[in-house]
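One structure is given below, encoded as structure tokens.
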Amino acid sequence: MDLWPLYSQNDYASFGCLFGVRNYAGHRPLAADRGLPDDLSSSLRAQLEPWVAQGAMTGATWVSWADIAGLDPASGPEYYAGRLTWSSPSLPSTRRQQLVPAAWPPELVAEVGPRPHGLDGADSCTEWITDDLRCTYEPLTAGAVLGGESHWRHVFAVMKALAERFGAEDVRLVAAFD
């Protein structure tokens with residue numbers, strides 16, 4: 001089935017975590033560069049293979065429900081701990097975003113203030129407001145970027161239900177990127 005009705009986002013942190021595509025955070029990808037599965041349905045192969053062969057789509061790969069179910073939710077990138085987004089409440093169009101290590105660099109602290117306590121081990125977004133900024137910190141663990149609060153919950157619910165019927169190794173998400 002097409003992914004679109006279940007997932008319509010472009011979250012590069014999750015693409016990096018799952019497939020190694022646009023992996024700006026540096027996740028160790030779960031299923032990078034596997035290519036199209038040998039037993040891919042003929043209709044999907046006819047749709048994807050020409051684009052992949054021409055280079056119009058890259059990063060062709062697949063991930064099974066067994067792979068996803070076995071992923072350690074605490075795993076994350078080696079260097080970056082989170083993604084910080086900030087803007088002025090009076091001028092939200094000035095939104096800025098930056099990947100951040102656990103110890104924030106001095107230039108970031110000068111711009112947004114010190115790192116709040118309690119971000120270590122956070123598994124969901126944390127928001128706060130300073131005198132002139134609205135800030136949101138999102139951890140980059142697999143559990144945070146792919147978990148229940150992410151846009152993947154519907155995809156994974158369908159995969160889990162299918163795996164209960166057909167087996168975890170036999171349910172796959174096939175992906176290629178433009």
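Start at 1 with the first residue, then count along the sequence.
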Applying side-chain contact (heavy atoms from CB on, under 4.5 Å), run through Leu146 and Ile68 and close with a yes or a no. CA-CA 9 Å; Leu146 301 173; Ile68 293 168; 6.0 Å; no

When you look at CD of Glu107, are more than 12 heavy atoms from neighbouring residues, nucleotides or ligands closer to it than 6.0 Å? yes

Any idea how Phe15 and Phe19 line up, ring-wise: parallel (<30°), tilted (30 to 60°), or perpendicular (>60°)? tilted

So which pairs with a foot in residues 82-93 pass salt bridge (charged side-chain N to carboxylate O under 4.0 Å, His left out), sequence neighbours left out? Asp11-Arg83, Arg83-Glu138

With a 4.0 Å cut-off on N to O distance, would you call Glu111 and Arg96 a salt bridge? yes

Listed once per pair and sorted, the ring-ring contact (aromatic ring centres under 6.0 Å, His included) pairs that draw on residues 33-82, sequence neighbours left out: none

Would a hydrophobic clustering, with Ile, Leu, Val, Met, Phe, Trp and Tyr connected at side-chain separations under 4.5 Å, put Tyr12 with Leu71? yes

Tell me whether Val52 is reachable from Leu173 by hopping between hydrophobic residues (I, L, V, M, F, W, Y) whose side-chain heavy atoms are closer than 4.5 Å. no

Can you measure from CG (Leu6) to CZ (Phe156) and round to the nearest 0.5 angstrom? 11.0 Å

Between Phe166 and Val174, is there shared hydrophobic-cluster membership here, with clusters defined by ILVMFWY side-chain heavy atoms closer than 4.5 Å? no

Going from CG on Leu18 to OG1 on Thr61, what distance comes out if it is rounded to the nearest 0.5 angstrom? 9.5 Å

Kindly give the cluster partners of Val112, where membership spreads through any ILVMFWY side chain lying under 4.5 Å from a current member. Leu84, Trp86, Val100, Trp104, Leu108, Val109, Leu119, Trp128, Leu133, Tyr137

Testing the basics here: between Gly59 and Val21, what is the closest heavy-atom pair and its distance to 0.1 Å? CA-CG2, 4.3 Å

What residue pairs, at least two apart or across chains, pass salt bridge (charged side-chain N to carboxylate O under 4.0 Å, His left out) with a residue in residues 143-170? none

Residues pairing under salt bridge (charged side-chain N to carboxylate O under 4.0 Å, His left out) where one sits in residues 53-71, two or more places apart or in two chains, turn out to be Arg34-Asp67

Between Ala142 and Asp72, which heavy-atom pair has the shortest distance, and what is it? CB-O, 3.7 Å

State the CG-SG distance between Asn23 and Cys17, to the nearest 0.5 angstrom. 8.5 Å

Does some side-chain heavy atom of Gln98 sit less than 4.5 Å from a side-chain heavy atom of Pro105? yes

Heavy atoms of His27 and Leu140 approach each other most closely as CE1-O, 2.8 Å

N/O donor-acceptor pair under 3.5 Å between Arg134 side chain and Glu127 backbone: no

At what distance, to the nearest 0.5 angstrom, does CG of Leu36 lie from CE of Met57? 10.0 Å

With a sphere of 6.0 Å drawn around CG of Asp178, does it hold more than 12 non-hydrogen atoms of other residues, nucleotides or ligands? no

Return the minimal non-hydrogen interatomic distance between Ala144 and Ser150, and the atom names on each side. O-CB, 4.2 Å

In sequence, state the C-alpha distance, the side-chain angles, and the governing distance for Met159 and Arg172, and then conclude on side-chain contact (heavy atoms from CB on, under 4.5 Å). CA-CA 8 Å; Met159 290 182 76; Arg172 294 179 299 212; 5.7 Å; no

Same apolar cluster: Phe177 and Val155, side chain cutoff 4.5 Å: yes

Ser124 to Pro139 - nearest heavy-atom pair and separation: O-CD, 3.4 Å

Heavy-atom pair with the smallest gap, counting every atom of Ala25 and Pro77: O-CB, 3.1 Å

Please assess Asp132 against Ser88 for the test side-chain contact (heavy atoms from CB on, under 4.5 Å), listing each intermediate value before the final yes or no. CA-CA 6 Å; Asp132 58 348; Ser88 168; 5.6 Å; no

For the CD1 atom of Ile129 and the OG1 atom of Thr136, what is their distance to the nearest 0.5 Å? 9.0 Å

Applying side chain to side chain donor-acceptor pair (under 3.5 Å) to Thr126 and not counting sequence neighbours gives none

Kindly compute the distance separating OG (Ser41) from CD (Gln47), expressed to the nearest 0.5 Å. 9.0 Å

